[in-house]
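A short write-up of the structure that comes next.
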Amino acid sequence: MAAALALPVHRITRALAADRRLPVVWLSGQGCTGDTESLLRAVDPDVVSLLFDVISLDHHETLMVAAGRASRQALDDAVEAGGYVCVVEGAIPTADGGVHCVVGGETALSLVRRVTAGALFTVAAGSCACDGGIAAAAPNPTRATGVAGAVPNVKNLVRMPGCPVNGVNLVAALVHYLTEDALPPLDSRGRPLFAYQSRIHGNGRCERFDDLRAGRRAKAWGDEIHRTGGCLMDLGCKGPSTYANCYQRNWNEGSWPVGTGSVCVGCTTSGFWDANTPFFKP
Ligand code: SF4
Ligand code: F3S
């Protein structure tokens, strides 16, 4: 994590050893809970250390013990106390007054506006929260959008696209805030540079790049070049236009799409469901 954030290890260690945990209010809109699944698989710190040492997860519909009114009370208490980070997972439907996603009698649209208003900062975790994701794909019947679309005046928004967001990157952004009392450096779209400043395709990044330079480009799924680690460009790989650090962070402490022999579908690209389909065509 220190390497990812370009921060000295001792500063991170000191921040995490301090008796301070960052209150987090996690909201879920239209989504598949993939970003939560991703959070559960974060490493260094893993989710157990994360919950005991780094954050105080004051509200999360999927992970909290409380349900029903008690869950709503936890949310309201956290908002009233202030000083929290709002993490939003999933898209926010705006058609028909937001009625297509209602949690505890309140629309996701109302919830996200109410909770982001008092937050230190807000993290749009995953592509759905960033720009609507799959829910916003054409013809987008619920007029789904991301946090910025639902809350036009939202302050201090950190956008972390991905389908899902990489849990290690998400935790790193929170650890950066705890360590420096400041958000990590962001690009013009609000994405942390440490995770989104480079394209996947390139020397020292994609492990298949040398094969591309050697002219080893797979032409069909399962052909000799595909099976022996060749470049996937002709099978539709969107790595050349995709900004993400999956090649470095990996998933589940294991591999990443291109590493497993699938193409990159460009899941961190804005509007990728419409922009990058069909996924398996160059
Ligand atoms: Fe680029 Fe994709 Fe080929 Fe890797 S597999 S070198 S990201 S086109
Ligand atoms: Fe997404 Fe491509 Fe990474 S599909 S997970 S940005 S390799």
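Since we're looking at a predicted model, the values are computed, not measured. One-based numbering, in listed order, for ligands and for the atoms of each.
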Item to check | Cut-off under 2.8 Å, centre atom 3 (Fe) of ligand 1, protein N/O/S atoms | outcome: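 Only Cys231 SG fall inside 2.8 Å of atom 3 (Fe) of ligand 1.
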Checklist entry - Does a side-chain N-to-carboxylate-O contact under 4.0 Å join Arg114 and Asp76? => result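 So Arg114 pairs with Asp76 through a salt bridge.
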Item to check | Polar protein atoms near atom 2 (Fe) of ligand 2 [N, O or S; cut-off under 2.8 Å] | outcome: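 Those protein N, O or S atoms (cut-off: under 2.8 Å from atom 2 (Fe) of ligand 2) are Cys264 SG.
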Next on the checklist: Does the residue Trp251 have a heavy-atom contact with ligand 2, meaning some pair of atoms that are separated by less than 4.0 Å?
Outcome noted: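 Per 4.0 Å heavy-atom rule, Trp251 contacts ligand 2.
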Item to check | Distance-only donor-acceptor check, side chains Ser38 and Asp35, under 3.5 Å | outcome: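 No, no side-chain donor-acceptor pair sits under 3.5 Å.
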Checklist entry - Any chance the side chains of Arg191 and Thr268 put a donor and an acceptor closer than 3.5 Å? => result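 Arg191 vs Thr268: no donor-acceptor pair found between side chains.
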Checklist entry - Taking the side chain from Arg217 and the backbone from Met233, do they hold a donor-acceptor pair closer than 3.5 Å? => result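 A pair under 3.5 Å: no.
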Item to check | Check: Asp234 side chain, Gly236 main-chain N or O, donor-acceptor pair, under 3.5 Å | outcome: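 No, Asp234 side chain to Gly236 backbone: no donor-acceptor pair under 3.5 Å.
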Next on the checklist: For Phe279 together with Trp273, are the ring centres under 6.0 Å from each other?
Outcome noted: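 They qualify: ring centres under 6.0 Å apart.
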Checklist entry - At what distance, to the nearest 0.5 angstrom, does OG of Ser127 lie from CZ of Phe272? => result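 Atom-to-atom, Ser127:OG and Phe272:CZ are 5.0 Å apart.
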Next on the checklist: Out of the candidates Leu51, Leu50, Thr33, only one should pair with Leu39 under the side-chain contact (heavy atoms from CB on, under 4.5 Å) rule; please name it.
Outcome noted: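 Between Leu39 and the candidates, side-chain contact (heavy atoms from CB on, under 4.5 Å) is satisfied uniquely by Leu50.
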Next on the checklist: More than 12 heavy atoms of other residues, nucleotides or ligands under 6.0 Å from NZ of Lys219: yes or no?
Outcome noted: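 Count over threshold, so yes.
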Item to check | Verify same cluster id: Leu57, Leu27 (apolar side-chain graph, 4.5 Å) | outcome: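 Unlinked, Leu57 and Leu27 end up in two clusters.
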